[in-house]
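In what follows, a structure is listed as structure tokens, so that the remarks can point back to it.
Bear in mind that the values here come from a model prediction, so they are computed numbers and not experimental data. Order of appearance sets the numbers: ligands from 1, and atoms from 1 within every ligand.
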Amino acid sequence: MASFTVIGGTASENLGRKLASKLNSKYIGTELRIFPDGESKITLKDKPRGRIIVVQSVYPPVDSNLVRALAVISEARRYSSHVYAVIPYLGYARQDRQFLPGEIVTISLVAKMIKAAGATRIIVVDIHSMIALKLFQIPAKNVSAIQELVKYFKRLKLRDPLVISPDMGGIQRARNFARLLGVDYIALEKHRDRKTGKVIVKQGNHKEVRGRDLILVDDMISTGSSIMKAAQYLKRHKCGKIYATCTHALLIGDAEKKIKQAGVTKIVSTNTIPGKTGIVDVSSLIAKAIV
Ligand code: R5P
């Protein structure tokens, strides 16, 4: 196996360390100073050797974490002609098409920047859509965390569980999750106002949820509106416990509180974004995608 050095950006230190240990590789941390004008000053704590893996998720502050990822990638390229950009949560991936006239497809610029910085490969985890992945002009791999999330739920004693996608766009994800868990799935109909961001769930008659424990599955939770509205709707149908699970829990502002108040018992996410819900580790999956 090729020898690797893993460099952990400040947004993904723990995950970077775990990945280095899975790959039996050297780990190098980075030091971040933020200047009074807001600029990031990054220093590598040691010299990398061999193939280099840079791990840095791009979650809030998104633009700063993106620039920090680019800076580390470009420094890594000075030491190696093999630089793997591991960006477990790739901010901007939702901006993969023009929804309203004049909107800029910013993920396309991000893809160009990551290559221009010096990355020779990119690995992401549960990217919002494959459209974004196809914009990279370097080998790009998406790793799915679903099997790891399912392992967590297999350990719980759930009452006649049913997997639910909060929207039709996530039906494939819910189907995969349900298949691995060995249960059924359904999808709700969610509508989001493209201008205001307001979310509504189409009212219907979902008698099948009555008395059953539910697992709401999404790729990410940002403001929490999608999960909150889905949970409120399902509670009205007299379901059992509701769990919410996703790969990337951004949980902006009071999202967690909103979700809990809507009746969700627990939020379970992965460590692509550090935080108290990020209890499912994806380092083994990433390691497998690299070797
Ligand atoms: C949308 O298509 C995504 O899959 C998520 O459902 C959405 O991004 C979650 O955002 P929020 O938590 O702000 O509703």
Side-chain angles (χ1 to χ4, degrees), residues 57-62 65-66 87-100 103 105-107 110 124-135 142-146 149-150 163-178 185-202 214-235 242-270 272-278 280 282:
S57 270
V58 173
Y59 58 81
V62 170
N65 276 334
L66 175 61
I87 313 215
Y89 171 67
L90 179 61
Y92 283 106
R94 283 185 294 178
Q95 297 189 43
D96 60 356
R97 67 199 93 170
Q98 211 180 46
F99 294 101
L100 298 173
E103 283 182 354
V105 180
T106 305
I107 189 62
V110 171
V124 291
V125 182
D126 285 326
I127 193 164
H128 181 67
S129 84
M130 290 302 151
I131 302 173
L133 200 69
K134 289 195 181 113
L135 295 169
N142 180 60
V143 170
S144 170
I146 285 186
L149 291 166
V150 167
V163 169
I164 306 204
S165 169
D167 54 42
M168 289 295 169
I171 198 161
Q172 181 66 40
R173 185 178 308 114
R175 182 182 298 136
N176 292 343
F177 195 103
Y185 69 95
I186 59 166
L188 303 180
E189 258 187 74
K190 172 183 102 179
H191 297 282
R192 189 189 290 272
D193 185 305
R194 290 272 162 217
K195 285 209 170 104
T196 63
K198 197 167 173 256
V199 168
I200 52 163
V201 173
K202 191 177 164 204
L214 308 178
I215 309 170
L216 276 163
V217 179
D218 214 337
D219 58 333
M220 60 189 286
I221 302 176
S222 180
T223 64
S225 299
S226 304
I227 295 293
M228 176 189 74
K229 293 283 178 183
Q232 287 171 342
Y233 172 77
L234 295 163
K235 277 284 168 197
I242 305 179
Y243 293 83
T245 189
C246 67
T247 305
H248 315 291
L250 289 165
L251 296 171
I252 305 298
D254 62 352
E256 193 177 349
K257 192 168 148 206
K258 267 179 8 189
I259 290 173
K260 292 275 172 69
Q261 279 173 352
V264 171
T265 301
K266 193 173 170 99
I267 305 170
V268 178
S269 65
T270 76
T272 59
I273 297 176
K276 79 171 193 283
T277 66
V280 173
V282 292

Starting from atom 5 (C) of ligand 1, what is the nearest protein heavy atom, named by residue and atom, and what distance separates them?
D218 OD2, 3.4 Å
Nearest protein heavy atom with distance in Å, relative to atom 8 (O) of ligand 1
R94 NH1, 2.8 Å
N142 side-chain N/O to I127 backbone N/O, donor-acceptor pair under 3.5 Å:
yes
To the nearest 0.5 angstrom, please state how far the CD1 atom of I164 sits from the CG atom of D218.
12.5 Å
Check this for me: does any side-chain nitrogen of one of R97 and E103 sit under 4.0 Å from a carboxylate oxygen of the other?
no
Donor-acceptor check, side chain of R192 to backbone of G197, threshold 3.5 angstrom: yes or no?
yes
Relative to ligand 1, is T223 under 4.0 angstrom through side chain, backbone, both or neither, heavy atoms considered?
both
What do you reckon, does V199 put a non-hydrogen atom under 4.0 Å from ligand 1?
no
Close-contact set for ligand 1 against D219 heavy atoms, below 4.0 Å
3 (C), 4 (O), 5 (C)
Could you give the distance from CG (D126) to OG (S129), rounded to the nearest 0.5 Å?
12.0 Å
Using only atom types and a distance under 3.5 Å, with no angle test, would you say the side chain of H128 pairs donor to acceptor with the backbone of M220?
no
The protein heavy atom nearest to atom 14 (O) of ligand 1 is S226 OG, 2.6 Å
Does ligand 1 have an atom that lies less than 4.0 angstrom from a heavy atom of R192?
yes
State the atoms of ligand 1, each with its element, that fall below the 4.0 Å cut-off from a heavy-atom position in K190.
1 (C), 6 (O)
Go through ligand 1 atom by atom and flag the ones less than 4.0 Å from a non-hydrogen atom of M220.
5 (C), 8 (O), 9 (C)
Counting C-beta onward and ignoring hydrogens, is there a side-chain heavy-atom pair between P88 and H248 closer than 4.5 Å?
no
What do you reckon, does G224 put a non-hydrogen atom under 4.0 Å from ligand 1?
yes
Which protein non-hydrogen atom lies closest to atom 1 (C) of ligand 1, naming both residue and atom, and how far is it?
H128 CE1, 3.7 Å
Within the side chain of S57, is there an N or O that forms a donor-acceptor pair under 3.5 Å with the backbone of Y89?
yes
Would you say R173 and ligand 1 have an N/O pair spaced under 3.5 Å apart?
no
